[in-house]
Amino acid sequence: MSRVTDPERVYSAEELAAAAPPDEPEPAPAPDETLTLEQRAENARRAEQDRRDRQLVRRLKQGDEAAFRELVHTYQNRIFGLMLRMIGNRQEAEDLAQEVFIIVYRAIGNYRGEGRFYTWLYRVATNTCKNRIKYLKGRNFHRSLDIDETPQAQMPAAETGAVITFQSQVPGPEAVTEGMRMEKIVQRELAALDPDHRLLIVLRDVQGMSYQDIIKITGLQEGTLKSRLHRARLALKERLEPFMR
Amino acid sequence: MAKPETDNAEALMSAYLDEELDAEGKSKLEAMLADSPEAQRELSGLQSMLRLVKGLPEEQAPPDFYEKVAKKIRRRRWLRGDYLIALSLPFQIINVLVILAVAVVYMMLHLDNDVAGRKLERDPTVQKAKPPAPQTPAP
């Protein structure tokens, strides 16, 4: 990945595709007897997903477009969600998420099947995202997500239902408005964090990833990751404090 | 009063927020919190912040997401010149059809020839049907 490590340079899609990192072998999971029932079930689910991903990747390498479609459908929401929380703009996030899958399509040869496809995909996504943030910074792009852009805002409350967790935190008829206002604030303050801090909060606290997966994606040591995440959480807490009173 | 910025305090709080603290760690954290109102405020603020962040809704990609990705891939292939490969497939099919058409025309033109290319003659044993003689009345 040495070709895309210059923090100042914005890379083209071709360069990102050519420099997509090879996957690395991952350690075997802990023996079953040391795990709780939930952890065993989670491991089994992950193993099944990984097996399915490897099959799809094998078919994609043979030129099977249907396999690519299935991979996109499997991960499009997570990658779109990652981009939306990182960039804060729906249109930009969609464009960026599409770019990630185009790079995956073109660079699938770099994935050797030794590590999890899921973490390799996220490495491609985070590199692409950081690159776009540099590009947008150079163009003074700082449009955050407007609440009116969200699909929920375009529909009457009765149709959207109580899907937003923020709404349930604020009982009463103002719940929807207040919930959406808080969502907008959280998104805005998240997008104002340093990109490295933002990424850790999105991966760990928004998307609920395990530390092991985040280590694989970011290449950080466990101690560094935990320490940096703590600083990121403190920074976000300070930004949100005026709105939490 | 101890400021909760030591490595130990940070590690304890992180582990607590991640629900990874064992019983021994919990008692250490409780002792630290009892000693430091500042640490209490910090932990409480972090918990409130995490509730908000974890409450962000899961976003869905647009329903036509894949179609847009596929369209962009096709467009970039075209711009890169990969379209020549795509065009070669119909040409292969056209080639086969042209060969078949030439073969059919050739067979039609040479239908009257034998294997050696000689013109086939009519079978002499087959007589032309004569028109019936006109009936003359008996004298």
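Labels below follow one simple rule: chain letters A, B, ... track the order of the sequence lines, proteins then strands, and each chain is numbered from 1.
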Pair B/Y66 and A/F101, ring centroids less than 6.0 Å apart: no
Are A/D95 and B/K72 close enough that some pair of their side-chain heavy atoms sits under 4.5 Å apart? yes
Does the side chain of B/E58 come within less than 4.5 Å of A/R78's, by heavy atoms? no
Under 4.5 Å from any heavy atom of chain A - which part of B/L46: both
Report which part of [X] has an atom under 4.5 Å of a heavy atom belonging to chain B: side chain, backbone, both, or neither.
| X | result |
| --- | --- |
| A/R239 | neither |
| A/L234 | both |
| A/E238 | neither |

Backbone N/O of B/A61 and side chain of A/N77: donor-acceptor pair under 3.5 Å: yes
Closest-packed option against chain A by number of heavy-atom pairs under 4.5 Å, given B/P62, B/A15, B/A70, B/S48: B/P62
Could you report the tightest heavy-atom contact between B/E42 and A/K237, atom names first, then the distance? O-CD, 3.8 Å
Should A/K226 and B/E20 be marked as a salt bridge (charged side-chain N to carboxylate O under 4.0 Å, His left out) after you check the CA-CA gap, both sets of side-chain angles, and the distance that decides it? CA-CA 12 Å; A/K226 287 188 172 176; B/E20 288 179 348; 3.8 Å; yes
Would B/K68 and A/E94 count as a side chain to side chain contact (heavy atoms under 4.5 Å, CB included) if you check the C-alpha gap in whole Å, the side-chain angles of each, and the deciding distance to 0.1 Å? CA-CA 10 Å; B/K68 287 180 181 169; A/E94 186 186 342; 2.7 Å; yes
Could you tell me which residues satisfy side-chain hydrogen bond (donor to acceptor under 3.5 Å, both in side chains) with A/D64, sequence neighbours excluded, listed by chain and number? A/R59
